[in-house]
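This report concerns only the one structure given below.
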Amino acid sequence: MRKLPRVLVVEDEPAIAELIAVNLRHNGFAPTIAPDGVVAQRELDDVLPDVILLDWMLPGESGAVLARRWRQHERTKGVPILMLTARSDEADKIQGLDAGADDYITKPFSTQELLARIRAVLRRRAPQTVSESVHIGDLHLDAATHRVLFRAQECKLGPTEFKLLHYLMTHAERVHARGTLLDKVWGDHVYIEERTVDVHIKRLREALGQAAVMVETVRGAGYRLTIQGLPAGQQ
Ligand code: CA
């Protein structure tokens, strides 16, 4: 299971920062908010994000100053920077790009535009961080948008069911014991009973509708996602 791409959101206006973070979270990213350069620097020293969304106008050092510095430092120079600004002057845009930003978005921007630009810089600079979509038969899972389609119909999955399906699809045709699934999907939560897996498998099947037959119970062993479950001619 791939890690969600981390996005450091450097933005001093709490309402905007929170709105961006919520949208990122809903679209398969792991955002962290920093209200200024000092907090952002602390975050960068701690964990390197996959992309930085950097507001131009910040208290203390400006976005352009920060971009320039992060580009020069060995540790941060490879991290894509997307500049956010309320100003749309051509001169500002050039200044931002000169400072080392990879791209530039003018406020107000739509969520779709922001997501598209983030994915574009990630693809350009770090192709491995953009989760590919997985297809098995007519079942499609897009890890970046968190969508699951079966024959072009969207299946509405909860977050745990999504993670479970993602794991099963990327490790298809193999039998996975409940303990293994707990480990891989839930992480180190030793207090979760194996029965929990059965509950989420049941929910996953309900959400998958016709594709539910692809999630096979292997008695005494665990679960397997298999294309064999679909009737012949539908594979
Ligand atoms: Ca600002």
Side-chain angles (χ1 to χ4, degrees), residues 2-132 142-147 159 162-163:
R2 287 190 187 89
K3 271 184 25 250
L4 299 178
R6 292 172 172 279
V7 184
L8 177 60
V9 182
V10 190
E11 165 66 77
D12 58 313
E13 285 158 82
I16 296 176
E18 196 45 50
L19 183 68
I20 292 173
V22 164
N23 282 309
L24 288 175
R25 240 174 260 130
H26 283 168
N27 286 280
F29 295 92
T32 306
I33 298 172
D36 57 38
V38 177
V39 178
Q41 187 62 57
R42 210 181 301 143
E43 289 294 336
L44 289 172
D45 292 342
D46 189 20
V47 188
L48 218 49
D50 296 294
V51 61
I52 301 170
L53 285 188
L54 180 59
D55 187 28
W56 183 290
M57 298 291 285
L58 291 166
E61 289 173 302
S62 75
V65 170
L66 294 169
R68 202 175 294 279
R69 180 183 321 136
W70 292 335
R71 271 294 160 269
Q72 283 161 3
H73 281 196
E74 193 56 40
R75 179 172 162 80
T76 48
K77 71 178 182 192
V79 182
I81 297 174
L82 245 157
M83 212 72 167
L84 303 176
T85 179
R87 308 190 289 185
S88 58
D89 292 5
E90 195 63 16
D92 284 350
K93 178 173 177 171
I94 290 164
Q95 213 189 322
L97 296 174
D98 273 354
D102 290 77
D103 202 354
Y104 182 96
I105 301 184
T106 308
K107 292 178 187 174
F109 46 81
S110 73
T111 301
Q112 288 316 313
E113 182 187 4
L114 178 67
L115 292 170
R117 300 284 195 96
I118 291 176
R119 290 193 188 110
V121 290
L122 284 176
R123 234 175 271 125
R124 279 208 299 275
R125 303 203 47 143
Q128 75 284 1
T129 58
V130 177
S131 308
E132 301 300 326
D142 188 333
T145 59
H146 262 234
R147 291 180 83 199
F162 184 88
K163 284 205 273 182

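Both ligands and their constituent atoms are indexed starting at 1 by order of listing. Here the structure is a predicted model, which is why all the values come from computation and not from measurement.
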I'd like to know if the side chain of Asp36 reaches the main chain of Val39, judged simply by a donor and an acceptor atom lying under 3.5 Å from each other, with no hydrogens or angles considered.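 Yes, the answer is positive, given that a donor and an acceptor are paired below the 3.5 Å cut-off.
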
Output yes when Arg6 and Glu43 qualify as a salt bridge under the 4.0 Å nitrogen-oxygen rule, no when they do not.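 Salt bridge absent between Arg6 and Glu43.
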
Using 4.0 Å as the upper bound for N to carboxylate O, is an ion pair formed by Asp102 and Arg71?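 A salt bridge is present here (some side-chain N lies under 4.0 Å from a carboxylate O).
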
For Val51, the option from Pro5, Pro80, Pro31 that meets side-chain contact (heavy atoms from CB on, under 4.5 Å):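 When side-chain contact (heavy atoms from CB on, under 4.5 Å) is applied between Val51 and each of Pro5, Pro80, Pro31, only Pro80 qualifies.
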
Quick check: do Leu66 and Ile81 have side-chain heavy atoms less than 4.5 Å from each other?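 Counting from C-beta outward, Leu66 and Ile81 never come under 4.5 Å.
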
Which protein N, O or S atoms sit under 3.0 Å from the Ca ion (ligand 1)?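 Result, waters dropped: Asp12 OD1, Asp55 OD2, Met57 O.
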
Would you please classify the geometry between the Tyr104 ring and the Trp56 ring as parallel, tilted or perpendicular, with 30° and 60° separating the classes?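 Taking Tyr104 first and then Trp56, their aromatic rings stand perpendicular (interplane angle over 60°).
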
